[in-house]
Amino acid sequence: MRSELVVDVSPKTITTALTEDGRLMSLQRESRDATYAVGNLYLAKVKKLLPGLNAAFVNVGHPKEAFLHYLDLGTQFGTFSKFVAAVRSNHKRGGTLPSISDLTLQGDIDKHGAIGDALEQGQEIVVQIAKEPINTKGPRLTTEISFTGRFMVLIPFNNKVSVSQKIKSNAEKVRLKRLIESIRPKNFGVIIRTSAEDKRAAELHAELNVLIKCWEDAVAKLVHATAPELLYEEESRAVGEIRDVFNPDFESIVVNDAEVYEQILHYVSIIAPDRKDIVKLYSDDTPVFDKYNITRQIKSSFGKTVSFRSGAYIIIESTEALHVIDVNSGNRSRGITDQETNAVNVNLLAAEEIARQLRLRDMGGIIVIDFIDMAKSENRQALYDRMRELMATDRARHNILPLTKFGLMQITRQRVRPALDIVTTETCPSCGGKGHVMPSLLFTDVLKDKISYLVNDLHVNGFTLYVHPYVDAYLKKGIISEYYRWLFEFGLNKFKIVADESLPLLAYRVVDSNRVEIDLKEEKDTNSSTSKKERRSREQHTDE
């Protein structure tokens, strides 16, 4: 299977798309100024205890107070809280920082204890984001700190070494466990990930040192921190995506931004130096998602109704905690006289698309699927087995129940961040949804006016005007096209027009030679305001 990762960096967001044999399988979109991401560490302050929920509200700086349950404190919370207090007090006395390896771990906290026995209002604690803020809820927290690498997960205040169950060879499990036991510092636990299989000791040791350095940097920052304050920030979503999905079969990693390209190249150079050549910087004018046919797949995959092979389709409805998927045969039943056969075929195809949709949209919580009714129990079992097989490669924790007598399948899937919701319908850019638009024939006059304003008034050179592919084709049709007339009128090297599939029909956007977007409305308003001020100033001077 040919896997590619395409990273689209815009001024406000970073979007990573994973394709397998050209088919979009995963999409992650992150705001460039996003905070409170999973894995971030904070020095926080307990705001309020909730004995009824056996939990506490904690201030990490988010507008909504974060939630910390007693069971998320971790077994060694007593040792951890004393260590945090020692680091803070040693700073005030000017002493040296304590080391975890010198500590004696206390006994595990009582599993059936109360939140009031462990925390008090106003207490400063170090917490990690376990779930990002979702809708009206603040972040979900844990104090069982972990640092995730490609080959392992490091857990301070823990002495246990465990190996991924996906590694099948018992001999390899024993080798990895003995190796990590011999190199890990005291009081640092390690979970060995599947990707560590067959890796050399030097590679594992190098990553272990990197993760320990992350912990030491966070502790050093803790010395001078004032709650609430960020102590450690998880890697960018683009790098995190590579860390979780990277494998030797990757054909390419394409990035359209130089800064993010350097981050990814640096990371790949560390984890797989012999594969760093697959990281490529994309510099063409055509949008990178258009080039790799991702924009079209997003438009067809994120609507309420999703069609798949032979005319069948599924309908997806979502609430905050529940997703409902309805399977329909569409016109596939034509030519098939056996109803049971038709139901089995459609359901098996739908299962494949649903497994893809769960990954693609990162849907979490409870998913209820209404498959087409099947009379035979062996067919229902075959569908259940097929869904389990398709979901086996899903990295999110999940649980699948067999079909009920009503033909419903229930799935629970881990949710650590909001489901990706992309609106595929478009509001008319000319009327704003009111129902009346300017004559489309005059749109070319609008574009010409914008080009004239940029070239003659703002003196911008080398900019790119992005338009819908239909408009692009219209402007460039014929031997002497409208596009060439504009080039001769305004200058051959002043601008170029490029198609962008993500734009609505009568919409456009402009970027300068440095790929920075130009807001023409803002520019004109500023220019108009300046002209008015200058005119008033001249009038006042004349009156005087």
Side-chain angles (χ1 to χ4, degrees), residues 6 8-13 15 17 19 22 24 27 29 254 256-257 282-307 421-455 458 460 462-490 492 494-513 515-524:
V6 183
D8 179 26
V9 182
S10 69
K12 295 182 179 180
T13 60
T15 308
T19 65
L24 182 63
L27 191 73
R29 178 167 292 170
V254 183
N256 68 342
D257 180 82
Y282 182 85
S283 57
D284 290 356
D285 293 319
T286 303
V288 65
F289 275 9
D290 289 5
K291 178 74 172 180
Y292 288 87
N293 195 35
I294 293 172
T295 302
R296 186 178 297 275
Q297 294 190 64
I298 292 174
K299 296 280 188 181
S300 63
S301 300
F302 277 87
K304 176 181 175 181
T305 301
V306 180
S307 300
D421 183 21
I422 295 178
V423 178
T424 56
T425 56
E426 300 171 352
T427 300
C428 174
S430 297
C431 72
K434 297 176 182 177
H436 300 280
V437 302
M438 64 177 290
S440 56
L441 189 62
L442 300 182
F443 184 59
T444 55
D445 295 338
V446 173
L447 295 179
K448 184 178 180 181
D449 177 59
K450 301 300 182 185
I451 294 171
S452 175
Y453 173 66
L454 287 164
V455 173
L458 299 184
V460 180
F463 64 87
T464 303
L465 175 66
Y466 288 96
V467 295
H468 189 276
Y470 290 173
V471 177
D472 179 71
Y474 174 78
L475 292 174
K476 295 177 180 178
K477 71 174 182 177
I479 298 175
I480 305 178
S481 64
E482 194 76 12
Y483 176 48
Y484 280 113
R485 289 195 186 97
W486 292 354
L487 286 176
F488 285 120
E489 181 177 348
F490 297 110
L492 294 175
K494 298 290 186 180
F495 71 97
K496 51 190 166 186
I497 296 177
V498 177
D500 184 348
E501 294 179 0
S502 66
L503 290 173
L505 182 60
L506 299 182
Y508 63 89
R509 65 185 183 93
V510 181
V511 298
D512 62 20
S513 56
R515 294 184 178 272
V516 177
E517 191 157 342
I518 301 173
D519 188 341
L520 284 176
K521 183 179 184 302
E522 182 179 326
E523 292 282 0
K524 280 212 162 188

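Not measured: the values here are computed from a predicted model.
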**Message:** If we count only N and O atoms by modelled type, under 3.5 Å, do the side chains of D8 and T15 hold a donor and an acceptor together?
**Reply:** no
**Message:** I'd like to know whether CD1 of I480 has more than 12 heavy-atom contacts from other residues, nucleotides or ligands below 6.0 angstrom.
**Reply:** no
**Message:** Does K496 have more than 12 heavy atoms from other residues, nucleotides or ligands lying within 6.0 Å of its NZ?
**Reply:** no
**Request:** For Y508 and D500, run side chain to side chain contact (heavy atoms under 4.5 Å, CB included): C-alpha distance rounded to whole Å, both residues' side-chain angles, the deciding distance at 0.1 Å, then the answer.
**Result:** CA-CA 9 Å; Y508 63 89; D500 184 348; over 6 Å; no
**Short N-O contact, E501 and K299, less than 4.0 angstrom** = no
Report the distance from atom [atom1] of [X] to atom [atom2] of [Y], rounding to the nearest 0.5 Å.
| X | Y | atom1 | atom2 | answer |
| --- | --- | --- | --- | --- |
| H468 | S502 | NE2 | OG | 9.5 Å |
| K450 | L458 | NZ | CG | 11.0 Å |
| E482 | I497 | CD | CD1 | 9.0 Å |
| L454 | I518 | CG | CD1 | 5.5 Å |
| S283 | R515 | OG | CZ | 6.5 Å |
| T444 | Y474 | OG1 | OH | 5.5 Å |

**Message:** For the backbone of S10 and the side chain of E517, can you confirm whether one donor and one acceptor N or O come within less than 3.5 Å of each other?
**Reply:** no
**Message:** Taking Q297's backbone N and O only, do any of them form a donor-acceptor pair with S300's side chain (distance below 3.5 Å, no angle check)?
**Reply:** yes
**Message:** Can you give me the closest heavy-atom contact between L27 and F289, atom names plus distance?
**Reply:** CD1-CE2, 4.4 Å
**Prompt:** What closest approach, in Å, do Y466 and P287 show between heavy atoms, and which atom pair accounts for it?
**Reply:** CE2-CD, 3.8 Å
**Request:** May I have the step-by-step check of side chain to side chain contact (heavy atoms under 4.5 Å, CB included) for F495 and L487, ending in yes or no?
**Result:** CA-CA 8 Å; F495 71 97; L487 286 176; 3.9 Å; yes
**Asked** Is there side-chain contact between Y484 and I479, with at least one heavy-atom pair below 4.5 Å?
**Response** no
**Request:** Just do the side chain to side chain contact (heavy atoms under 4.5 Å, CB included) check on Y483 and K477 with the steps written out, would you?
**Result:** CA-CA 9 Å; Y483 176 48; K477 71 174 182 177; over 6 Å; no
**Prompt:** Do you know which of L24, T19, V6 makes side chain to side chain contact (heavy atoms under 4.5 Å, CB included) with Y292?
**Reply:** V6
**Asked** Step by step, would you call V471 with L503 a side chain to side chain contact (heavy atoms under 4.5 Å, CB included)?
**Response** CA-CA 11 Å; V471 177; L503 290 173; over 6 Å; no
